[in-house]
Amino acid sequence: MNQALMIVDLQRDFCPGGALAAPRGNEVVPVINRLMDRFQWIVASKDWHPAQTAHFDKWPPHCVRGTAGAAFHPDLDEQKISILALKGTGESDDGYSAFEATNMDLIHWLRKNSVDALYITGIATEYCVKATALDALKAGFGVTVITDAVASVDVHTGDHEKALQEMAAAGVKLMASSEL
Ligand code: VGL
């Protein structure tokens, strides 16, 4: 099995102090840094919005391309990242899934590198992590979500657990980083 680690949207705006923060956003960073040593391929996605987008009718403005809020969490070991997938780059798309990246063809890149299993981490469990995991399943990859390496914005209490259950029901494996 050729495995890749995916780090979804580990950006300042999704962490405490940011515009659309996951309360536990900081806690996943050391877990992800440790996991990175175990993988040959590491894909990181970024929400990369224009300043004006219909997406901001639904959400407070966040991750505007080139701004401080769109930068990676300062403690993330960025140099280990193999490839960056930028999404939500248009004026009307939500770009929840990393597979909606517009700067690259993510499925093509993964297949070219013979990746068949994806281990997904990052923010937010119930939006971008879930959308990425479900798209990965549809594309035929084996998908595992690392439960202590994902954080939710939890707009509604229970969203985190509900999202994990939905993913599991669709065929995503759930695993703690200690089980890897
Ligand atoms: C996200 C809400 C809005 C995410 C992005 O990264 O999960 N959530 N935009």
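Starting from 1, each residue takes its place in the sequence as its number. First listed ligand is number 1; within each ligand, the first listed atom is number 1.
Of the protein's non-hydrogen atoms, the one nearest atom 8 (N) of ligand 1 is Tyr127 CB, 3.6 Å. In terms of protein heavy atoms, atom 5 (C) of ligand 1 is closest to Asp47 OD2, 3.3 Å. For atom 4 (C) of ligand 1, the closest heavy atom belonging to the protein is Cys128 SG, 2.8 Å.
The shortest N or O to N or O distance between Lys87 and ligand 1 is not under 3.5 Å. Polar contact check, Ala124 against ligand 1: a nitrogen or oxygen pair lies under 3.5 Å apart. Looking at ligand 1, you won't find any N or O of Val129 less than 3.5 Å from one of its N or O atoms.
Using a 4.0 Å cutoff on heavy atoms, His55 counts as a contact of ligand 1. The closest approach between a heavy atom of His62 and any atom of ligand 1 is below 4.0 Å.
Distances below 4.0 Å separate heavy atoms of Phe14 from the following atoms of ligand 1: 1 (C), 4 (C), 5 (C), 6 (O). Heavy-atom proximity to Asp9, at under 4.0 Å, picks out these atoms of ligand 1: 4 (C), 6 (O). Numbered from 1 in the order shown, with element, the atoms of ligand 1 that lie under 4.0 Å from a heavy atom of Trp59 read 2 (C), 3 (C). Applying the 4.0 Å criterion to heavy atoms of Leu20 picks out, from ligand 1, the atoms 2 (C), 3 (C).
Contact annotation: for Val8 versus ligand 1, there are no heavy atoms closer than 4.0 Å.
Partners of Lys87 by salt bridge (Lys or Arg N to Asp or Glu O under 4.0 Å), not counting sequence neighbours, listed by chain and number: Asp9, Asp47.
Arg38 contributes a side-chain N or O that, together with a main-chain N or O of Leu180, makes up a donor-acceptor pair within less than 3.5 Å.
One finds no salt bridge joining Asp159 and Lys162 here, because no Lys/Arg side-chain nitrogen approaches an Asp/Glu carboxylate oxygen to under 4.0 Å.
Residue Glu91 places its CD atom among 12 or fewer non-hydrogen atoms of other residues, nucleotides or ligands, all under 6.0 Å distant.
Lys80 has its side chain within reach of Asp37: a pair of non-hydrogen atoms, C-beta onward, lies under 4.5 Å apart. Using a 4.5 Å cut-off on side-chain heavy atoms (C-beta onward), Val8 and Phe14 make no contact.
Classified by interplanar angle (parallel below 30°, tilted 30° to 60°, perpendicular above 60°), the ring pair His55/His49 is tilted. Aromatic ring orientation, Tyr119 versus Phe39: tilted (interplanar angle from 30° to 60°).
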Acceptor/donor pairs from residues 17-25 side chains to any protein atom, 3.5 angstrom cut, sequence neighbours excluded:
| unit_1 | atom_1 | unit_2 | atom_2 | d |
| --- | --- | --- | --- | --- |
| Arg24 | NE | Glu27 | OE1 | 3.0 |
| Arg24 | NH2 | Glu27 | OE1 | 3.4 |

